[in-house]
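Beneath this line is the structure, given in structure tokens, with notes to follow.
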Amino acid sequence: MHKDSLAALADGLRNRRFSSRELTEHFLTRIEQHDGTLNSYVTVTAERALAQADAADAQIAKGEGGPLTGIPLAHKDLFCTNGVRTACGSKMLDNFIAPYDAHIVELLDAAGMVTLGKVNMDEFAMGSSTETSYYGPTRNPWDTARVPGGSSGGSVAAVAAGLAPVATATDTGGSIRQPAALTGLTGIKPTYGRVSRYGMVAFASSLDQAGVVAHSAEDAALVLQAMAGFDARDSTCVERPVDDYAAALGNDIRGLKIGLPSQYFGEGLDPQVRAAVDAAAAELEKLGATLTPIELPNTPLSVPTYYVVAPAEASSNLSRFDGVRYGHRCAEPVNLEDLYKRSRGEGFGDEVKRRIMVGTYVLSHGYYDAYYLQAQKVRRLIADDFARAFEQVDVVLGPTTQGTAFALGEQTDDPVTMYLNDIYTIAANLAGLPAMSIPCGQAAGLPIGLQLIGRHFDEGRLLNVAHAYQQVSDWHALWPEAYA
Ligand code: GLN
């Protein structure tokens with residue numbers, strides 16, 4: 001059952017080949033068997049899952065429910081879940097029981113989905129390897145000596161190993177696409193504002209966006225459909241009808257114009273990754289798309305721009321963790337300042353502290369203009385690059401990452417190398433564009449990801465292109481042997 005598509009699971013439930021309770025128990029058993037090694041789950045909500053499954057079974061018995069009713073999923077541990085710990089990979093929130101549900105949790109509950117639990121992530125979603133988590137690193141199911149990518153490492157490891165059919169995730173600079181690429185999954189980060197951020201622990205509010213990791217574009221489309229839409233509780237959420245993503249799949253891609261940015265194929269790109277991406281582009285050409293070389297000249301500025309903007313916003317967002325309102329509080333503070341200092345000093349890990357320091361610095365008097373304001377201007381130039389490209393082409397195509405999954409510990413002492421993991425993914429966040437990663441090859445048994453970036457609100461087209469490719473390729477159907 002764990003290798004079935006969501007449509008096949010829905011069919012099995014509707015035709016009573018199995019119940020949602022049986023399906024849920026199957027995944028709970030797999031979690032017990034395999035998660036000791038992988039460490040993808042931080043919290044398993046077995047009792048709640050079985051209660052949700054029973055409710056779904058009752059609905060199905062009455063002939064009610066939709067395409068997701070009774071299907072289990074895992075939530076990245078930064079989406080608030082009423083009554084369930086939401087720790088965000090941090091000691092700071094280790095004792096935090098969310099008093100309400102995030103908007104997307106509400107929506108997916110209402111769609112009849114069953115929450116198996118909360119999955120691991122880099123602390124406050126800062127990282128590209130899931131090694132900064134307070135709960136220890138998550139391992140890549142394709143090779144457990146390697147990282148699954150991050151920050152949504154728990155989401156991808158759980159799905160890639162069949163410990164959940166699908167999972168929610170978030171992407172601030174690449175955290176859906178990079179881990180999806182390193183684990184052979186399909187991940188989509190929608191347009192900024194497409195999905196509500198209400199109840200999602202904030203990292204960098206102008207960049208954060210919720211999305212999905214799944215085994216195929218078809219699965220991702222189903223779940224995104226249920227998550228997207230307007231919510232007045234997130235002031236940046238856009239009031240605009242949601243396209244019918246399932247209906248968009250299966251459209252002909254003849255005449256589709258694909259742009260290949262020279263900046264995404266330059267120095268640093270592993271030749272095997274390049275070969276796989278080139279081959280996938282050629283495959284799309286066979287399906288009737290045209291390939292055009294394009295320029296995104298400000299691409300080299302995206303990582304430095306991001307590492308001013310994101311820490312600045314993080315330093316502001318994380319000021320709420322003060323040991324007073326919620327989260328970790330130090331023992332026996334002698335006065336208020338001591339309370340702040342020790343609570344934050346003990347609650348946050350090194351990477352989070354590094355970001356808070358950088359962010360506070362770039363926002364401080366005398367440096368604000370030189371760094372933060374400057375970064376905002378460059379951010380506009382990066383967005384303008386894409387606006388010009390989209391006058392010429394419909395979709396931008398390139399690699400998701402420069403290489404395949406790296407070894408645990410390999411980059412932990414070198415933050416800048418770690419930051420460069422997102423060299424191809426960050427620009428889409430700075431420009432607020434939808435983007436996805438789909439598997440397009442392997443090197444030495446490790447998955448390679450292809451990235452597609454679209455115009456604002458063009459998720460339907462991205463999913464369709466991905467789906468078209470998945471009709472003529474098998475990379476998305478491969479499973480790591482130990483978890484097949
Ligand atoms: N790796 C990037 C960072 O560390 C992006 C993380 C993300 O998208 N949440 O900030």
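Order of appearance sets the numbers: ligands from 1, and atoms from 1 within every ligand. Below, each value reflects all heavy atoms present in this structure, side chains not excepted, and no hydrogens, waters or symmetry copies.
- The pair Asp208-Arg197 fails the salt-bridge criterion, with no side-chain N (NZ, NE, NH1 or NH2) lying under 4.0 Å from an Asp/Glu carboxylate O.
- Ring-plane geometry between Tyr419 and Tyr307 is classed as parallel, the angle between the planes falling under 30 degrees on a 0 to 90 degree scale with a further cut at 60.
- Between Asp171 and Arg177 a salt bridge is recorded (basic side-chain N to carboxylate O distance below 4.0 Å).
- At a heavy-atom cutoff of 4.0 Å, ligand 1 is surrounded by Ala125, Met126, Gly127, Ser128, Ser151, Asp171, Thr172, Gly173, Gly174, Ser175, Phe203, Tyr306, Tyr307, Arg355, Asp422.
- Annotation for Phe457: atom CZ counts as buried by contact number, over 12 foreign heavy atoms lying within 6.0 Å.
- For residues 114-136, the salt bridge (charged side-chain N to carboxylate O under 4.0 Å, His left out) pairs, not counting sequence neighbours, are Asp77-Lys118.
- Atom CD1 of Ile438 is separated from atom CG of Leu450 by 4.5 Å, given to the nearest 0.5 angstrom.
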